[in-house]
K.L.:
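Below are the C-alpha cells for one structure; questions will follow.
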Amino acid sequence: MELILEGSLETEITKEELLEFEIELDDVVAVLISICEIFESSQIVSFLISGFGQEKWPVDCRTDLATIIEQIPNILEKIRAGKFSFQLDFYEQGIERQLSFEEDNSLVKVTCVSRTNWMPNPSAIFIERHEVLSMFESLYRNFLEYSEVLCIELAKNPLLKDWKS
C-alpha cells in the first residue's frame with residue numbers, strides 16, 4: 001500500500017481550482033476528503049495497493065484513500081506503541097474489503113476479508129513488523145508532504161491539528 005507521485009509537485013493547486021472542491025470544511029474528515037479530491041484531480045498522485053491475489057486493487061485517491069487515510073494516525077499510534085492488532089477498513093462501495101492485522105510471534109498476520117464477490121487468494125499473509133510500520137509511516141508522510149505542496153491551505157487547516165501525529 002503506497003501513495004506515489006507520478007509527476008512533479010512543483011505547482012500548487014490555485015485557489016480557483018480549490019473552489020471546485022469547496023465543501024463545508026466543518027470536520028477533519030471533510031478536510032481529508034477535499035485533499036483526496038485534489039490528489040485525484042491533479043493526476044500526479046496515485047494510491048496503490050496490491051496483494052491477496054490481485055496485482056492492482058481497483059482503488060483511487062478520491063474515494064478509497066479518503067476512506068482509509070482518516071484511520072492512519074490511530075493505526076500508527078498503536079504500531080508505535082508496539083501493538084500490531086488493528087483493522088484497516090476499505091468500506092467504500094465497490095472495494096469493500098477489510099484488512100485485519102494480528103500479532104503472530106515475531107510477524108504480523110494480515111487477513112483480507114471481502115464483502116463482495118471478489119475473494120482473496122491467499123486470504124492471509126505474514127509481514128515483518130518493521131515492514132508494517134514502514135508502510136503506514138510512508139503512506140502518512142507522503143500524504144502530508146503532497147498535501148503541503150498541492151493544497152497548502154487545506155494542509156494548514158486547524159481541524160487537522162489533532163489528526164496529525
K.L.:
Say whether, by atom type as modelled, one donor and one acceptor occur between the side chain of E92 and the main chain of F90 under 3.5 angstrom.
P.N.:
no
K.L.:
Going by the angle between their ring planes, with limits at 30° and 60°, are W57 and F52 parallel, tilted or perpendicular?
P.N.:
tilted
K.L.:
So which of S138, C61, S46 actually passes side chain to side chain contact (heavy atoms under 4.5 Å, CB included) with L3?
P.N.:
C61
K.L.:
So how far is it from R97 CZ to I68 CD1, rounded to the nearest 0.5 Å?
P.N.:
13.0 Å
K.L.:
Hey, does the side chain of S42 reach the backbone of F39 with a donor-acceptor pair shorter than 3.5 angstrom?
P.N.:
yes
K.L.:
Is the closest side-chain heavy-atom distance between E102 and V108 below 4.5 Å?
P.N.:
no
K.L.:
Check this for me: does any side-chain nitrogen of one of D104 and R129 sit under 4.0 Å from a carboxylate oxygen of the other?
P.N.:
no
K.L.:
Please check if the side chain of N157 supplies one atom and the backbone of L159 the other of a donor-acceptor pair under 3.5 Å.
P.N.:
yes
K.L.:
Taking S41 for the side chain and I38 for the main chain, is one N or O donor matched with an acceptor at less than 3.5 Å?
P.N.:
yes
K.L.:
Is there a side chain to side chain contact (heavy atoms under 4.5 Å, CB included) between D162 and K164 once you walk through the steps?
P.N.:
CA-CA 5 Å; D162 289 337; K164 293 178 180 178; over 6 Å; no
K.L.:
Could you measure the distance from the CD1 atom of I127 to the CG atom of L133? Nearest 0.5 Å is fine.
P.N.:
12.0 Å
K.L.:
Can I75 be reached from L144 by stepping across I, L, V, M, F, W or Y side chains whose heavy atoms are under 4.5 Å apart?
P.N.:
yes
K.L.:
Going from OG1 on T111 to CD on Q87, what distance comes out if it is rounded to the nearest 0.5 angstrom?
P.N.:
10.0 Å
K.L.:
Give the minimum heavy-atom separation between F86 and K78, together with the two atoms involved.
P.N.:
CB-CD, 4.0 Å
K.L.:
Would you check if R115 and Q98 make a side-chain contact, meaning some heavy-atom pair closer than 4.5 Å?
P.N.:
yes
K.L.:
I'd like to check L76 versus E137 (side-chain heavy atoms, cut-off strictly below 4.5 Å). Are they in contact?
P.N.:
yes
K.L.:
For residues F47 and L139, report the shortest heavy-atom separation together with the two atoms involved.
P.N.:
CE1-CD1, 4.1 Å
K.L.:
Give, for atom CG of L160 and atom CG of L32, the distance between the pair rounded to the nearest 0.5 Å.
P.N.:
5.5 Å
K.L.:
Is S114 reaching over with its side chain to a backbone N or O of W118, donor-acceptor style, under 3.5 angstrom?
P.N.:
yes
K.L.:
Whether the side chain of S134 engages the backbone of H130 through a donor-acceptor N/O pair (distance < 3.5 Å, no angle test) should be reported.
P.N.:
no
K.L.:
Is it true that a side-chain atom of E103 and a backbone atom of F84 form a donor plus acceptor pair closer than 3.5 Å?
P.N.:
yes
K.L.:
Quick check: is V113 connected to M119 through a chain of hydrophobic side chains (ILVMFWY, heavy atoms under 4.5 Å apart)?
P.N.:
no
K.L.:
Does Q71 use its side chain to pair, donor to acceptor, with the backbone of D89 at less than 3.5 Å?
P.N.:
yes
K.L.:
Check whether any side-chain heavy atom of F101 sits under 4.5 Å from a side-chain heavy atom of L99, and report yes or no.
P.N.:
yes
K.L.:
What's the separation between atom CZ in F143 and atom CD1 in I69, rounded to the nearest 0.5 Å?
P.N.:
5.0 Å
K.L.:
Should the heavy atoms of other residues, nucleotides or ligands under 6.0 Å from CD of Q54 be counted, would the total exceed 12?
P.N.:
yes
K.L.:
Less than 4.5 Å apart, any side-chain heavy atom of L107 and any of E128?
P.N.:
yes
K.L.:
For a 4.5 angstrom cut-off between non-hydrogen side-chain atoms, does L88 reach I72?
P.N.:
yes
K.L.:
Rounded to the nearest 0.5 Å, how far apart are CD of E37 and CG of L65?
P.N.:
11.0 Å
K.L.:
List the residues meeting side chain to side chain contact (heavy atoms under 4.5 Å, CB included) with D60, not counting sequence neighbours, and say none if there are none.
P.N.:
E40, R62, T63, D64
K.L.:
Just wondering, more than 12 heavy atoms not from Q43 lying within 6.0 Å of its CD?
P.N.:
no
K.L.:
Would you say that V45 contacts L5 through its side chain, given a criterion of any heavy-atom pair below 4.5 Å between the two side chains?
P.N.:
yes
